[in-house]
2 protein chains.
Amino acid sequence: MSCGLAYAPQLRSLGYRITPQRMAILHVLCHSGKHLTPRDVYQKAKKDFPTLTEPTVYRTLEFLAKNGLARPMQAGKGRLRYEMAEDDHHHIVCRVCGDEIEVEHELLESMYRKMESTSGYQRIDSHVTFFGVCPECLKT
Amino acid sequence: MSCGLAYAPQLRSLGYRITPQRMAILHVLCHSGKHLTPRDVYQKAKKDFPTLTEPTVYRTLEFLAKNGLARPMQAGKGRLRYEMAEDDHHHIVCRVCGDEIEVEHELLESMYRKMESTSGYQRIDSHVTFFGVCPECLKT
DNA sequence: ATCTTTATTGTAAAAACTTGCAATAAGGAA
DNA sequence: TTCCTTATTGCAAGTTTTTACAATAAAGAT
Ligand SMILES: [Mn+2]
Ligand SMILES: [Mn+2]
Ligand SMILES: [Zn+2]
Ligand SMILES: [Zn+2]
């Protein structure tokens, strides 16, 4: 409930408004496990703010992502999940069992620099999901 | 119409069946531009095979991807598009204007090896979409 | 040719996500 | 406080994607 307020000045300075819906959603993202689906967020935030609706959740998550407060993650099958934006990292998801691990961005950093200088693209997103096969599933 | 047949022996040897729906969809993927949406595929393939339905298209695309004939691509907002699986490559998409370029897999190869040895995950997918800002959009 | 097995499809409905628009309310000005 | 502007929301309807299950038809055996 209060943790959302920490972001209020930043949002207000950009000309955005502080609404209870946004605060409730930020609260959920801050205090829950990572990578929540829009539905997860909706159901949890609804407890704080019962008149919340689903379109607002989708729009708010996209809004927070666009402003760098939240980060979208590509879960399997092209579905998006969200988490608060903290330190840069990536994920590898097992395409067999769904198991998921984190990878330090450091490991990809020199590749990112090469990719940026080669392509001319900048500010490439440092939260990518790779799909592979985990050690367990490789055994069988 | 005929190009799908090229894949028939491979599919049959895995115990799968050759259906006109699959052939029509393979035909579309072979002869059309890259990265088609399921809806693109549906509308084009319907011309060859008018009784085709959308659930079949979704299932078939997923089926082809699982068997390595097609490749899913993460388009913006967590939407999937598909293309035939050919040489390994990646994409960078501009998160401002949507412009899109290809990146040789070669550029990422050493990073992939590091990631595989560090994580123990193998067969990591070599068709990733990165999001960044293109040179044009960087100017403004 | 006919039969049998079962992978694959279509149907119908549900779930997930998006959109347009009118109503609301946040934040600044008076 | 009250008023004004307009960003944001809720509502209702639309579109996209998934699912369960019964009907169909591909492929191999007879
Ligand atoms: Mn993450
Ligand atoms: Mn591609
Ligand atoms: Zn696994
Ligand atoms: Zn651009």
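Chain A is the first sequence line, chain B the second, and so forth, proteins listed ahead of strands; every chain is numbered from 1.
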Quick check on the 6.0 Å ring-centre criterion: do B/His90 and B/Tyr112 meet it?
yes
Rounded off to whole Å, could you give me the CG-to-C1' distance for the B/Leu52 and C/dT8 pair?
12 Å
How does each nucleotide of nucleotides 17-30 of chain D score, in 5' to 3' order, for protein heavy atoms under 4.0 Å: base (B), sugar-phosphate only (S), or none (-)?
SBBB----BBS---
Distance, rounded to the nearest Å, where B/Arg22 contributes CZ and C/dT9 contributes P
5 Å
For B/Lys114, I'd like to know if atom NZ has over 12 heavy atoms of other residues, nucleotides or ligands within 6.0 Å.
yes
Check the distance between D/dT8's P and A/Phe49's CZ and give it to me in whole angstrom.
15 Å
A/Arg17 meets the salt bridge (Lys or Arg N to Asp or Glu O under 4.0 Å) criterion, sequence neighbours left out, with none
B/Leu5 with B/Leu52, same ILVMFWY side-chain cluster at under 4.5 Å:
yes
Rounded to whole Å, the NZ-P distance (B/Lys66 to C/dT8) equals 12 Å
When the distance from CG of A/Leu61 to C1' of D/dT8 is rounded to whole Å, what number comes out?
15 Å
Before we go on, tell me: are the rings of B/Phe63 and B/Tyr16 under 6.0 Å apart, centre to centre?
yes
Take atom CG of B/Leu14 and atom P of C/dT6, then tell me their distance rounded to the nearest Å.
18 Å
Over how many whole Å does the gap from B/Asn67 atom CG to C/dA7 atom P extend?
14 Å
When you measure from the side chain of A/Thr53, which nucleotide among C/dT9, D/dG10, D/dT9 comes out closest?
D/dG10
When the ring centroid of A/His105 is compared with that of A/His127, is the distance short of 6.0 Å?
no
